[in-house]
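Every heavy atom of this structure was used, including side-chain atoms; hydrogens, water molecules and symmetry mates were not. Chain naming here is simple, since letters A, B, ... match the order of the sequence lines and numbering starts at 1 in each.
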Number of protein chains: 2
Amino acid sequence: MDRFVSTFTNKIDAKGRVSIPAPFRAVLERDGYAGGIYCYPSLDAPALDAGGERLAQKIDGLLAGLPDYSDERDELSVALYGDVQVLAIDGDGRIVLPQPLRAHAGLQSEVTFVGLGDKFQMWAPERFDERRRVAREKVQEHRKLLGRQPPRSEGGDGEGS
Amino acid sequence: MDRFVSTFTNKIDAKGRVSIPAPFRAVLERDGYAGGIYCYPSLDAPALDAGGERLAQKIDGLLAGLPDYSDERDELSVALYGDVQVLAIDGDGRIVLPQPLRAHAGLQSEVTFVGLGDKFQMWAPERFDERRRVAREKVQEHRKLLGRQPPRSEGGDGEGS
DNA sequence: TAATGATCCATTGACGCCCATGAAATTCCA
DNA sequence: TGGAATTTCATGGGCGTCAATGGATCATTA
């Protein structure tokens, strides 16, 4: 298991702490996180993106292609690095979400963790429900357009890559 | 961790002192700073750029690429070296920002420290919010242009960061 | 001696770390 | 196969440490 899959919903306690779902923690440990996980506001959704070293390298990769001191790089740097928070994981597998991040995702008392392969997202449960509902509708439209295709069995235990 | 990541906002006290965020200090100590950090007005933003030895070497590298006695080099030299200040860090991890630097960034009572990899910037919080907003919009445009990023297969555990 | 700046000290509030509790799933045994 | 014990997790709380901040003392210099 080296990918984030499934969704889980956990509570935020009085101190702003929230448990990372155990399966996600297992992935993070495999991925390696030096000091914490990387977390930043999703660019196109009211949610937070998070992951371990692999995600960090992806960000670096984006910037690596741009020349130093170009305007483009500066802006990307600000948007990416500037928004990234490194969140420490405590001994019980919990993180603390800083206020600005919570605000972006509209997080109140609960967080829905959504696995997305090599990263995961954190949503306010209500907002995620809404998004999921829309996603389902789109899938249905697709199926109509494509003429019904037999559902591909998800079953994979075989990890790809 | 040898890179500046995340953002922090600290206060400027009555004497003009401001604490460098502890994580940044840790990076600086690893990077090495002989007597202080290098700080100068950002060329294209109402902010201050700062860093340790690595940043100084990068500036040297930039200038080295330009022919001696070229107009470009002269201008860059003046623009960069001319305004560079070496700021001492006191026993409590604080620096004092000289008036000209504060003026350039419009710093009043608070400073937002923004990690940008091998340097960091200091912004007036309000101005940084604005800049971040713009930067995020640009990134969204980028993503549209690139089409959605193909899910990069796990590859590349390459370098540690 | 007055003013300026640097070093040191104190407070407070946040955060990291530890342990306790309870629920749910899993295993083990009858 | 059913029930009980055990383990895993999520969650809540207490406490110690460290960082940020404000203030005071000391040195330096004009």
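- Atom CD1 in B:Ile95 sits roughly 16 Å away from atom C1' in C:dG5 (whole-Å rounding).
- At the heavy-atom level, A:Leu87 lies nowhere under 4.0 Å from the strands shown.
- Nearer to the 5' terminus of DNA chain D, by closest-nucleotide assignment, is the contact made by B:Pro21 (compared with the other of B:Pro21 and B:Arg17).
- A donor atom on one side chain and an acceptor atom on the other are found under 3.5 Å apart for A:Asp49 and A:Ser42.
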Quiz prompt | Steps toward salt bridge (charged side-chain N to carboxylate O under 4.0 Å, His left out) verdict (A:Asp118, A:Arg3) | solution = CA-CA 5 Å; A:Asp118 41 46; A:Arg3 292 182 311 192; over 6 Å; no
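- If you check every strand for non-hydrogen atoms under 4.0 Å, A:Asp90 touches nothing.
- Remark: the backbone N or O of B:Gln99 is not paired with any side-chain donor or acceptor of B:His104 at under 3.5 angstrom.
- Remark: the B:Thr9 side chain and the B:Thr112 side chain contain an N/O donor-acceptor pair separated by less than 3.5 Å.
- Across all strands, A:Ala88 comes closer than 4.0 Å only to sugar-phosphate atoms, never to a base (heavy-atom distances).
- The residue A:Ile89 sits apart from the nucleic acid: no heavy atom pair falls under 4.0 Å.
- Taking 3.5 Å as the limit, the base of C:dC18 and the side chain of A:Asp92 contain a donor-acceptor pair of atoms between them.
- Checked against the 6.0 Å centroid threshold, A:Phe24 and A:Phe8 count as a close aromatic pair.
- Interface limits on DNA chain D: the 5'-most and 3'-most nucleotides within less than 4.0 Å of chain B heavy atoms are D:dA19 to D:dA24.
- Rounded to whole Å, atom P of C:dA10 lies 18 Å from atom CG of B:Asp13.
- Nucleotide C:dA14 holds its P atom 11 Å from the NZ atom of B:Lys11, rounded to whole Å.
- We find that B:Arg133 and B:Glu130 are joined by a salt bridge, their nearest charged nitrogen and carboxylate oxygen being less than 4.0 Å apart.
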